[in-house]
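A short write-up of the structure that comes next.
Per chain, numbering begins at 1; letters A, B, ... match sequence-line order.
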There are 2 protein chains.
Amino acid sequence: MSQLDTVQRILDAAEVLFAERGFTETSLRTITSTAGVNLAAVNYHFGSKKELIQAVFERFLTPFTTSLDAELARLATEEEGSLQLDDLLQSLYRVALAGLASQGRDPRRFMRLLGLAYTQSQGHLRRFIVSRYGDSYRRFAGSLATALPHVDPVTFYWRLYFMLGATVFSLSSFDAIEAILREDFGAESSLEETLARLAPAAVAMLTAPVPAEGG
Amino acid sequence: MSQLDTVQRILDAAEVLFAERGFTETSLRTITSTAGVNLAAVNYHFGSKKELIQAVFERFLTPFTTSLDAELARLATEEEGSLQLDDLLQSLYRVALAGLASQGRDPRRFMRLLGLAYTQSQGHLRRFIVSRYGDSYRRFAGSLATALPHVDPVTFYWRLYFMLGATVFSLSSFDAIEAILREDFGAESSLEETLARLAPAAVAMLTAPVPAEGG
DNA sequence: CGACAATTTAAACGTTTGTTTTAACCGCCA
DNA sequence: TGGCGGTTAAAACAAACGTTTAAATTGTCG
């Protein structure tokens with residue numbers, strides 16, 4: 001078993017287990033036994049559990065961010081003026097879905113991990129993500145902002161977080177919500193259908209009329 | 001120090017610490033030393049850590065649910081026909097804010113705990129909340145649904161989760177988001193202002209036009 | 001006061017955690 | 001063949017965890 005195999009197997013097992021149980025609830029022993037490698041392999045190849053967590057995020061955030069940046073650049077050269085809101089959101093979803101699916105990875109796991117990064121108070125992970133991918137995030141947010149010139153900046157950013165919360169929360173709990181709806185209405189929902197519902201909801205939220213200030 | 005004191009002090013400390021760090025990351029030793037009580041007091045008064053977690057949620061979810069039910073009943077008798085969407089959401093926010101503030105508790109902590117209940121995979125807690133407060137939740141969701149007769153049930157419920165995600169996520173991370181916006185725009189946001197931004201965004205999302213089916 | 005139940009205390013329980021250590025193993029080049 | 005870095009292996013490390021035990025203390029009522 002070569003080095004590359006071991007590193008890969010650890011990352012694969014950790015990604016699944018972290019998404020299922022969270023970071024603290026997943027022990028290195030569970031990860032290494034799932035991966036079929038020795039316990040000490042994590043500390044040997046990654047240094048510590050914290051660095052393993054960061055490596056898991058790096059492996060799927062780097063290609064995602066790269067694709068999103070490329071897609072944004074392509075859009076900017078295609079269209080002359082400012083970008084349309086629909087195009088931007090569609091780019092985001094297309095990159096998230098297609099980019100990950102092409103790697104044979106589950107987008108729901110992706111979202112679940114993203115949700116964990118925000119909700120589990122892993123300070124080191126938050127810092128790692130911000131320092132590594134903050135620029136791309138700000139670039140995308142800036143494009144969205146210029147597509148919404150009539151929304152004041154503070155309101156816009158709050159709505160951006162509303163949107164982020166709606167996306168991360170609903171997609172990271174996709175399986176649980178889907179099971180409830182299936183039981184209550186007998187209707188199955190695919191991930192694509194859910195994104196098709198999420199996109200117009202996000203647009204409606206971002207473009208909602210801004211109530212007059214003065215509270 | 002009477003029994004009531006000890007139980008109360010443990011609940012107070014646990015509520016704050018759980019909201020700050022999560023359940024697994026908060027040890028009983030941290031809780032008891034913060035509360036100024038003996039380590040064994042938790043197991044003596046609550047039985048186990050799991051039951052302590054449930055007790056923390058019970059203490060703030062029971063009065064909240066009771067108030068919401070009462071507010072809903074009051075609304076139903078006041079207005080004859082079906083309830084307005086605005087009234088329902090305003091009731092929800094008013095109860096959440098005023099009800100908790102009157103107890104001298106922080107609504108942000110409330111939201112942070114609610115977010116943890118969903119994202120941290122504590123199966124026992126999820127079951128506890130559903131079995132205890134599921135009826136009230138379904139009653140409120142039903143009122144919302146009848147206020148949106150032109151939205152098909154499945155779409156409605158997905159939007160409900162979008163809304164829940166937007167609320168829980170943005171309010172539970174309120175301090176962090178507020179700090180970012182203050183640094184970038186020099187604009188302070190109060191919790192009330194944020195709810196005043198969240199309400200119309202939620203309405204816009206719930207009332208957004210439903211795209212034609214057939215995907 | 002004396003006794004009995006409730007509560008608090010200190011100490012220890014057995015597990016599990018992340019990490020480190022030391023020896024064994026492997027492929028490769030001299 | 002012999003040694004040599006890179007990797008794996010088994011074992012042990014100290015620390016932290018939730019929980020339990022048994023003695024000390026407190027409050028209450030006859």
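- Checking dA11(D), dT8(D), dT19(D) against the side-chain heavy atoms of His45(A) singles out dT8(D) as nearest.
- If you check dT20(C), dT19(C), dA10(C) against the side chain of Ala40(B), the one that comes closest is dA10(C).
- At whole-Å resolution of the value, CG in Leu39(A) and P in dT16(C) are 14 Å apart.
- Checking dT19(D), dT19(C), dT8(C) against every side-chain atom of Thr6(B), the shortest atom distance belongs to dT8(C).
- With rounding to whole Å, Asn38(A) atom CG is found 16 Å from dT22(C) atom P.
- The side chain of Lys49(A) lies closest to dT19(C), out of dT19(C), dT8(C), dT8(D).
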Could you pull out every donor-acceptor pair under 3.5 Å between side chains of residues 91-100 of chain B and any protein atom, sequence neighbours left out?
residue	atom	partner	partner atom	Å
Ser91(B)	OG	Asp87(B)	O	2.9
Arg94(B)	NE	Glu71(B)	OE2	3.3
Arg94(B)	NH2	Glu71(B)	OE2	2.6

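- Checked against dA9(D), dT20(D), dC17(D), the side chain of Arg29(B) finds its nearest nucleotide in dC17(D).
- Using a 4.0 Å heavy-atom cutoff across all strands shown, Ala41(A) reaches no nucleic acid atom at all.
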Counting only pairs under 3.5 Å, give me each side-chain donor-acceptor contact of residues 177-187 of chain A, with atom names and distances, residues two or more places apart or in other chains.
residue	atom	partner	partner atom	Å
Glu178(A)	OE1	Arg182(A)	NE	3.1
Glu178(A)	OE1	Arg182(A)	NH2	2.8
Glu178(A)	OE2	Ser189(A)	N	3.0

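- Nearest to the side chain of Leu28(A), among dT19(D), dT19(C), dT8(C), sits dT19(C).
- Using a distance-only test at 3.5 Å, with no hydrogens or angles considered, no donor-acceptor pair links the side chain of Thr62(B) to the main chain of Arg59(B).
- As a whole-Å value, the separation of Glu51(A) CD from dT19(C) P is 9 Å.
- For Arg138(A) and Asp135(A), the salt-bridge test passes: some basic side-chain N is under 4.0 Å from an acidic carboxylate O.
- Using a 4.0 Å heavy-atom criterion, one finds that Thr26(A) contacts the sugar-phosphate atoms exclusively.
- Comparing dT19(C), dT8(D), dT17(C) against the side chain of Ser27(A) picks out dT17(C) as the nearest.
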